[in-house]
Amino acid sequence: MYKFYFLISLCFSSPIWATQYQSPNDFVSEAFSGTPPAPQSLWVTSALKETVANILQHKPGFMRTRYWQADNKTVWILKEIGKTQLITVGIIIQDNKIQSIKVLDFKESRGWEVKHSFFTDQFKSITINPDLSLSQRIDGISGATLSVHALTKTAKLALFFNQQINQ
Amino acid sequence: MSHFNRAFSKLLYKGHRHIGFAISLILILLSLTGIALNHTSELQLDQRFIKSSFILDWYGITSAKSPISYAIQTHWLSQLEDTLYLDHKAILETKEPLIGAVSTPNFTVAAFPNTLQLLTPKGELIESISKANIEKIALQKNLIFIQNQQQIYVSSDQLLSWQKTKQQPEAWSQKSPLPAMMAEELKQKSRERILDYERLILDIHSGRFFGTWGVYLMDVSAILLIFLAITGMWFWLRHSIKRMNKRNH
């Protein structure tokens, strides 16, 4: 019987059941040491739409994205579909380089391994090249290919948006 | 070759021919549906829906529910099943229930318990904003009000930021009954968004489309296909051995 309870508790403690790891508000607040600046918005105008679609490999499902900026730091909360569900990702960019990337909300049933630091640490100090590729290669995770793609795309998008607001 | 062996071979050969002919149509059906299922993503079979009343009736798919609707300016924002409609147009998919909607000449806001969807007047998504425990939404003089766990918040910058307020808006967004004709149209549209092509093809492939007997028919066909494969190999081997023997003599 104890074995049964143990198995049940294991099932419910599995990351599959967890969805929100951190709220976007808390992530932004933490990024600015508790005093976040007012949010600003970047409109995905027709001039940007094509590039955004190239990065996402599909039409963008939004027309506006919000960001927070103070000094040389910008924080972005972006969402992208892994396989069928949205993955919410928080990205901090400092001096045009990714300072950190974090999975905030994960609703897919597979691929949650991308939330771990062994994967997200690969994005540290990465920049975007003129051809919209990342400055370093990101190693994938077996069984989490689509989530890896989703995170890579959000990283590229945040760096591209960061470029646009700093132009 | 003994008389018994000759008779048995003749029987097998006859069986092979007749069974081959009898299940050829099923084999074609299985092959075509199998190819289609192998290319579900490319053919977008899971995103295209069956509209045929005959097939929907065959599956017993009905849409008895009435839509939840809010009147906004001169339009209607409605939710039926998991789809949000602006008048007749399906604009969003969401599992959250619609709890209110407001509209200005520049934008529309659809409120859900944990999300605010900011839309253009044509229903295109501008931004999806996460906000926990929303209970009500209101619009007053271009200010958007939401109530969240007894606290009222107001936004004056198209939902970019929120301030707490003690001001109560004059009226919160309220549900309104959708005109009967539009409600019927939405019900029909909603019914036509339930069964996708992937499901239908999968059911034809497995025989489930034809009920329990369909599944048995596919099982029998599979067994007969195995029989055909074995007898086919047997005839080919026998023929090859005969030819080799002839060559050696």
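Below, read A as the first sequence line, B as the second, and so on, with proteins coming before strands; counting in each chain starts at 1.
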With a cut-off of 6.0 Å (strictly less than), are more than 12 heavy atoms of other residues, nucleotides or ligands near CH2 of B:Trp58?
no

Quick note, side chain to side chain donor-acceptor pair (under 3.5 Å) partners involving residues 137-149 of chain B, not counting sequence neighbours, are B:Glu135-B:Gln147

Cut-off 4.5 Å, heavy atoms of chain A, and the answer for B:Ser128 is both

Task: B:Glu170, CD: over 12 other non-hydrogen atoms inside 6.0 angstrom - done: no

For this session: Assess whether atom OH of B:Tyr216 is packed by more than 12 heavy atoms of other residues, nucleotides or ligands within 6.0 Å.
Result: no

Against chain B, residues from residues 44-79 of chain A with at least one heavy atom under 4.5 Å, in numeric order, are A:Gly61, A:Phe62, A:Met63, A:Arg64, A:Arg66, A:Lys79

Those residues at least two apart in sequence (or on a different chain) that pass ring pair (Phe, Tyr, Trp, His ring centres under 6.0 Å) with A:Trp43 are none

Residues of residues 132-166 of chain A with a heavy atom under 4.5 Å from any heavy atom of chain B, in residue-number order, are none

Tell me whether the count of non-hydrogen atoms from other residues, nucleotides or ligands lying under 6.0 Å of NZ in B:Lys175 goes above 12.
no

